[in-house]
**Q** 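If you scroll down you'll find the structure; I have some questions about it.
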Amino acid sequence: MILLQKPAIEGGKPERAEYLVFGSPEILQPEIDEVVDSLKKCWIGTGPKVLRFEKEFRDYIGSRHAKALNSCTAGMFLSLLVAGVKPGDEVITTPLTFASTANVILHIGAKPVFVDVEKETMDINPKLVEKAVSRKTRAIIPVHLAGRPCNMDEITRIAEEKKLLVVEDAAHAIEAKYHGKKIGNISDLTAFSFYATKNVVCGEGGMVTTNNAQWAEDIEKYALHGLNKGAWQRYTDDGFKQYEVVFPGYKFNMMDLQAALGIHQLARVEENLKKRGRIWKQYDEAFSDLPMILPALPEENTVHARHLYTPLLQIEKLRKGRDFIQNALHKENIGTGIHFISLHLHRYYKEKFGFKENDFPNAKFVSDRTISLPLSPKLSTQDVEDVINAVTKVLGYYKK
Ligand SMILES: Cc1ncc(COP(=O)(O)O)c(C=O)c1O
């Protein structure tokens, strides 16, 4: 007979003494030195390091242009704006995403049209995208959830046939490739995130890649009040240059302090992907007998960016629901995340569009069961073991 260990939430001993913060980034000496260098040079706003980061990012992705911003959210918003999405247009996207994917559609004045995800991949279902296209549809925003590339062959085909714009939400997918092509070099515009938990972190930050020179130029101007010259061009030792407002823009520019982190994070991006791949494999092996549906294997000839490890709890086989299990892991001193509760279940979207829980059954299924386990390249062998032991203990205890 196997003796079940009592979880900390039931009065047992926590799996570890120190709290394991979910998504804590790995910041190493090169980043620290680069930030200090910016501080010492007193060029902390948008300047040479942002230009260098843009160039290195462009080279990494293989796109013609890369424009650095203060967030991926700003990137998606400006992408829709410069490509001409207008009030009254419809934009098709997934409800199983972070708020900003749909919020930016509303900020443009357009209408987000949600279609359900595939249960296995958790990415937008292209068959449903095709069905949802109307006379008002102007764009599609696929989201590469957890780092798994969407079915871009089908999405591109639909977009070409129906003459739609594609703006990819690649917040999770910096390293991803789809059928040999790098994400960021497939569609019209692609937005990436460098938020504190992402695969490349700047604290806050984002980047848009595109092969369209006009859109790239417009994004840069819109990100800095609609001025025709940035600070870097205005205040260099060549002397002050006058600027003109060419349209009323926003304040979405990236600072050199952020780029200082990004440059060195980007240099380690592939090495970190390998590290996360190893942790992923350890989890897959350790959890194969637990009441969980493990993340689907990546499709052939694709690279999964392995941003989030998101198994689904088989709640039918457990005595407790997902939120309780998450809290039980918290009591074991293991931090976890939820990616995501489908947007159609959130108050604003539910009330505004009158959604019912089962309007998107697969997104609802995932919302009720998903849990993201720690996957940072910073995790030590002991950290990974602690996660495995805590999950095994808690799920073993509450198994029916
Ligand atoms: C899927 C997805 N899209 C967009 C964003 C927004 O990124 P940012 O915080 O850089 O605006 C996030 C951030 O968590 C995200 O997870």
Side-chain angles (χ1 to χ4, degrees), residues 21-25 50 53 57 66-81 91-108 112 114 117 121-124 139-150 166-176 183-184 187 189-209 219 222-223 250-255 257-259 261-262 265-266 295 304-310 335-344 346 349 363 366-367 370-372 375-376:
V21 177
F22 177 81
S24 178
V50 170
F53 188 36
F57 199 82
K67 291 293 166 195
L69 301 163
N70 60 4
S71 71
C72 173
T73 305
M76 291 190 286
F77 173 74
L78 290 185
S79 294
L80 295 176
L81 186 75
V91 178
I92 300 173
T93 192
T94 162
L96 195 64
T97 184
F98 184 60
S100 69
T101 318
N103 287 351
V104 295
I105 301 171
L106 291 168
H107 291 154
I108 289 285
F114 293 135
V117 294
T121 67
M122 303 185 209
D123 278 339
I124 197 163
I140 309 169
I141 308 186
V143 178
H144 308 297
L145 195 75
R148 184 187 175 104
C150 294
V166 178
V167 174
E168 290 172 60
D169 178 341
H172 299 179
I174 293 172
E175 308 87 337
I183 293 295
S187 305
L189 298 125
T190 305
F192 298 87
S193 174
F194 309 127
Y195 173 63
T197 59
K198 296 295 191 283
N199 291 356
V200 164
V201 305
C202 296
E204 297 284 358
M207 188 81 77
V208 173
T209 58
I219 284 176
Y222 267 115
Y250 301 85
K251 185 73 166 80
F252 291 157
N253 56 310
M254 178 182 276
M255 304 190 292
L257 284 178
Q258 294 164 298
L261 295 171
Q265 288 272 312
L266 185 63
H304 189 307
R306 300 191 193 275
H307 174 53
L308 297 166
Y309 187 84
T310 56
T336 60
I338 305 292
H339 300 86
F340 292 96
I341 303 292
S342 180
L343 290 178
H344 80 285
H346 283 258
Y349 284 94
V366 175
S367 302
T370 188
I371 188 158
S372 306
L375 192 64
S376 160

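Both counts, for ligands and for their atoms, begin at 1 and track the order of listing. What you see is a predicted model, and the numbers here were worked out from it, not measured in a lab.
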**Q** What's the shortest distance from atom 16 (O) of ligand 1 to any protein heavy atom, and which residue and atom give it?
**A** H172 NE2, 2.7 Å
**Q** Got a sec, which residues hit side-chain hydrogen bond (donor to acceptor under 3.5 Å, both in side chains) with T310, two or more places apart in sequence or on another chain?
**A** none
**Q** Please round to the nearest 0.5 Å and tell me the distance separating atom CG of L145 and atom CG of D123.
**A** 6.0 Å
**Q** Can you list the atoms of ligand 1 that are under 4.0 Å from a heavy atom of M76?
**A** 4 (C)
**Q** L189 and side chain to side chain contact (heavy atoms under 4.5 Å, CB included): which partner among L78, V166, V208?
**A** V208
**Q** Crowded around Y195 OH? As in, over 12 foreign heavy atoms under 6.0 Å?
**A** no
**Q** Tell me which protein heavy atom sits closest to atom 14 (O) of ligand 1, plus the residue, atom name and distance to 0.1 Å.
**A** K198 NZ, 2.7 Å
**Q** With a 4.0 Å cut-off on heavy atoms, is G206 touching ligand 1?
**A** no
**Q** Who pairs with Y309 by side-chain hydrogen bond (donor to acceptor under 3.5 Å, both in side chains), at least two apart in sequence or on another chain?
**A** D284
**Q** If the test is ring pair (Phe, Tyr, Trp, His ring centres under 6.0 Å), which one of H172, H339, H144 qualifies with H307?
**A** H172
**Q** Under 4.0 Å from a heavy atom of T97: which atoms of ligand 1 are those, numbered in the order shown and with their elements?
**A** 1 (C)
**Q** Rounded to the nearest 0.5 Å, what separation is found between the OG1 atom of T209 and the CD1 atom of I174?
**A** 10.5 Å
**Q** Angle between ring planes, F57 versus F53, binned at 30° and 60°: parallel, tilted or perpendicular?
**A** perpendicular
**Q** Assess the side chains of E204 and S71: does a donor N or O sit below 3.5 Å from an acceptor N or O?
**A** no
**Q** Within ligand 1, which atoms have a heavy atom of S100 less than 4.0 Å away?
**A** 4 (C), 5 (C), 6 (C)
**Q** With heavy atoms of A171 as the reference, note each atom of ligand 1 found under 4.0 Å away.
**A** 2 (C), 3 (N), 4 (C), 5 (C), 12 (C), 15 (C)
**Q** I'd like to check whether Y195 has a polar contact with ligand 1, where a contact means an N/O of the residue lying under 3.5 Å from an N/O of the ligand.
**A** no
**Q** State the atoms of ligand 1, each with its element, that fall below the 4.0 Å cut-off from a heavy-atom position in F340.
**A** 16 (O)
**Q** Name the closest protein heavy atom to atom 12 (C) of ligand 1, giving the residue it belongs to and the distance to 0.1 Å.
**A** F98 CD2, 3.6 Å
**Q** List the closest protein heavy-atom neighbour of atom 10 (O) of ligand 1: residue, atom name, distance to the nearest 0.1 Å.
**A** S193 OG, 2.7 Å
**Q** Any donor-acceptor pair under 3.5 Å linking the side-chain atoms of Y349 with those of N103?
**A** yes
**Q** Is ligand 1 less than 4.0 angstrom away from at least one heavy atom of G205?
**A** yes
**Q** What residue and heavy atom of the protein are closest to atom 3 (N) of ligand 1, and at what distance?
**A** D169 OD2, 2.7 Å
**Q** Heavy-atom distances under 4.0 Å decide this one: backbone, side chain, both or neither, for T73 against ligand 1?
**A** both
**Q** Checking contacts here: is it the side chain or the backbone of F77 that comes within 4.0 Å of ligand 1, counting heavy atoms only? Could be both or neither.
**A** neither
